[in-house]
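We're numbering straight along the sequence, starting at 1.
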Amino acid sequence: MSETVTETEDAVTEETRLKQLEQEGDIAADYLEELLDIADLDGDLDMDVEGDRAAVSIVGGDLQQLVGRHGEVLDALQELTRLAVYRETGERSRLMLDVGGYRADRRSTLMALAEETVAKVKESGAPVSLKPMSPFERKVVHDAVAAAGLTSESSGVEPRRYVVVLPE
């Protein structure tokens with residue numbers, strides 16, 4: 001009996017969390033749509049829930065100016081969007097924003113870098129330090145390294161914080 005109640009409570013909690021994430025996506029999309037209108041930029045919005053966070057993508061049109069050099073404008077736009085969600089919900093958001101597939105492409109590049117680095121570390125048995133990365137980039141590398149069975153840690157101070165891949 002108690003297992004059934006717990007399973008039901010877990011399902012309700014999961015359903016509630018999914019609705020919260022969908023609400024975050026809706027708020028973010030409204031905010032971004034207004035921004036696109038003000039900036040007179042074309043773009044369509046795609047919303048999704050990936051894992052435990054809302055994901056919003058702006059696709060179509062020439063959107064490079066919303067990405068900026070090394071994704072700096074995109075990072076800033078993501079923070080502003082998270083603040084817009086916070087203003088409406090009163091809760092911090094871990095929303096992920098992508099523009100023109102920049103983060104998706106960057107994720108693929110970083111996964112390949114992580115695989116190469118894991119191979120080097122396994123072969124040499126010595127730690128390897130990578131170039132400084134944004135928090136998003138470090139998270140991608142940490143996840144890929146963990147999936148490959150090694151450990152990693154972040155070192156340094158922002159904006160020069162970097163990942164060190166450690167041997168077994």
Side-chain angles (χ1 to χ4, degrees), residues 9-118 130-148 150-154 158-159 161-163 165:
E9 289 173 355
D10 288 346
V12 170
T13 302
E14 189 172 313
E15 184 177 319
T16 301
R17 183 66 185 144
L18 180 61
K19 286 183 179 178
Q20 287 173 335
L21 293 173
E22 290 172 345
Q23 180 190 17
E24 286 183 17
D26 288 339
I27 293 167
D30 289 345
Y31 174 78
L32 292 166
E33 197 167 291
E34 284 183 39
L35 181 92
L36 291 173
D37 285 345
I38 290 168
D40 196 27
L41 295 171
D42 290 327
D44 295 320
L45 297 166
D46 289 336
M47 295 179 294
D48 200 2
V49 173
E50 295 176 4
D52 61 344
R53 63 176 63 189
V56 179
S57 298
I58 304 174
V59 296
D62 179 17
L63 301 168
Q64 184 56 38
Q65 57 194 317
L66 293 180
V67 174
R69 183 173 168 260
H70 302 298
E72 292 170 346
V73 175
L74 174 57
D75 289 342
L77 187 57
Q78 179 176 273
E79 286 306 310
L80 289 172
T81 305
R82 286 177 174 175
L83 285 172
V85 171
Y86 178 76
R87 187 186 64 210
E88 295 292 322
T89 64
E91 294 185 25
R92 286 193 47 83
S93 171
R94 297 182 60 235
L95 177 133
M96 182 66 69
L97 175 64
D98 195 2
V99 174
Y102 176 81
R103 286 201 200 279
D105 292 344
R106 188 71 184 134
R107 181 184 306 268
S108 294
T109 301
L110 291 167
M111 301 263 306
L113 174 65
E115 287 177 20
E116 290 172 21
T117 306
V118 164
L130 301 175
K131 292 181 179 178
M133 298 178 180
S134 71
F136 160 76
E137 294 170 331
R138 291 193 307 269
K139 172 85 168 93
V140 171
V141 172
H142 285 307
D143 289 349
V145 169
L150 291 185
T151 57
S152 58
E153 61 188 23
S154 291
E158 295 289 353
R161 200 158 167 80
Y162 58 94
V163 173
V165 180

Show your working on side-chain contact (heavy atoms from CB on, under 4.5 Å) between Thr89 and Ile27 and close with a plain yes or no. CA-CA 9 Å; Thr89 64; Ile27 293 167; 3.6 Å; yes
Would you mind reporting whether [Y] and [X] have side-chain heavy atoms less than 4.5 Å apart?
| X | Y | value |
| --- | --- | --- |
| Tyr102 | Leu66 | no |
| Leu45 | Ser57 | no |
| Val67 | Val73 | no |
| His70 | Ser134 | no |
| Arg103 | Gln78 | yes |
| Leu95 | Arg53 | no |
| Leu113 | Met133 | yes |
| Thr81 | Leu32 | yes |

Between [atom1] of [X] and [atom2] of [Y], what distance do you get to the nearest 0.5 Å?
| X | Y | atom1 | atom2 | answer |
| --- | --- | --- | --- | --- |
| Glu137 | Thr109 | CD | OG1 | 9.5 Å |
| Gln23 | Lys19 | CD | NZ | 11.5 Å |
| Met96 | Lys139 | CE | NZ | 9.0 Å |
| Arg107 | Asp143 | CZ | CG | 8.0 Å |

Dump the intermediate steps for side-chain contact (heavy atoms from CB on, under 4.5 Å) on Thr117 and Leu130, then the final yes or no. CA-CA 9 Å; Thr117 306; Leu130 301 175; 3.5 Å; yes
Please report the shortest heavy-atom distance between [X] and [Y], naming the atom on each side.
| X | Y | result |
| --- | --- | --- |
| Leu18 | Val49 | CD1-CG2, 3.9 Å |
| Val85 | Ser93 | CG1-CB, 3.8 Å |
| Ala114 | Val145 | CB-CG2, 4.4 Å |
| Gly100 | Leu63 | N-CD1, 4.4 Å |
| Gly43 | Ile58 | CA-CG2, 4.2 Å |
| Asp98 | Ala104 | OD2-N, 3.3 Å |

For Glu158 and Arg138, what are the C-alpha separation, side-chain angles and deciding distance, and is it a salt bridge (Lys or Arg N to Asp or Glu O under 4.0 Å)? CA-CA 12 Å; Glu158 295 289 353; Arg138 291 193 307 269; 2.7 Å; yes
Counting heavy atoms not belonging to [X], are there more than 12 under 6.0 Å from its [atom1]?
| X | atom1 | result |
| --- | --- | --- |
| Glu79 | CD | yes |
| Asp42 | CG | no |
| Met47 | CE | yes |

Give a yes/no verdict on a cation-pi contact between Arg106 and Phe136, requiring under 6.0 Å between NZ or CZ and the six-membered ring centre and an angle within 45° of the axis.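 Because its charged atom misses either the 6.0 Å distance or the 45° angle limit, Arg106 does not stack over Phe136.
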Would you please say whether a donor-acceptor pair under 3.5 Å links the side chains of Ser154 and His142?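 There is such a pair between these side chains.
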Trace of the side-chain contact (heavy atoms from CB on, under 4.5 Å) decision for Leu35 with Leu77: CA-CA 10 Å; Leu35 181 92; Leu77 187 57; 3.5 Å; yes
Output all residues satisfying side chain to side chain contact (heavy atoms under 4.5 Å, CB included) with Glu153, sequence neighbours left out; order by chain, then residue number.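 If we apply the side chain to side chain contact (heavy atoms under 4.5 Å, CB included) test to Glu153, skipping adjacent residues, the hits are Val164, Leu166.
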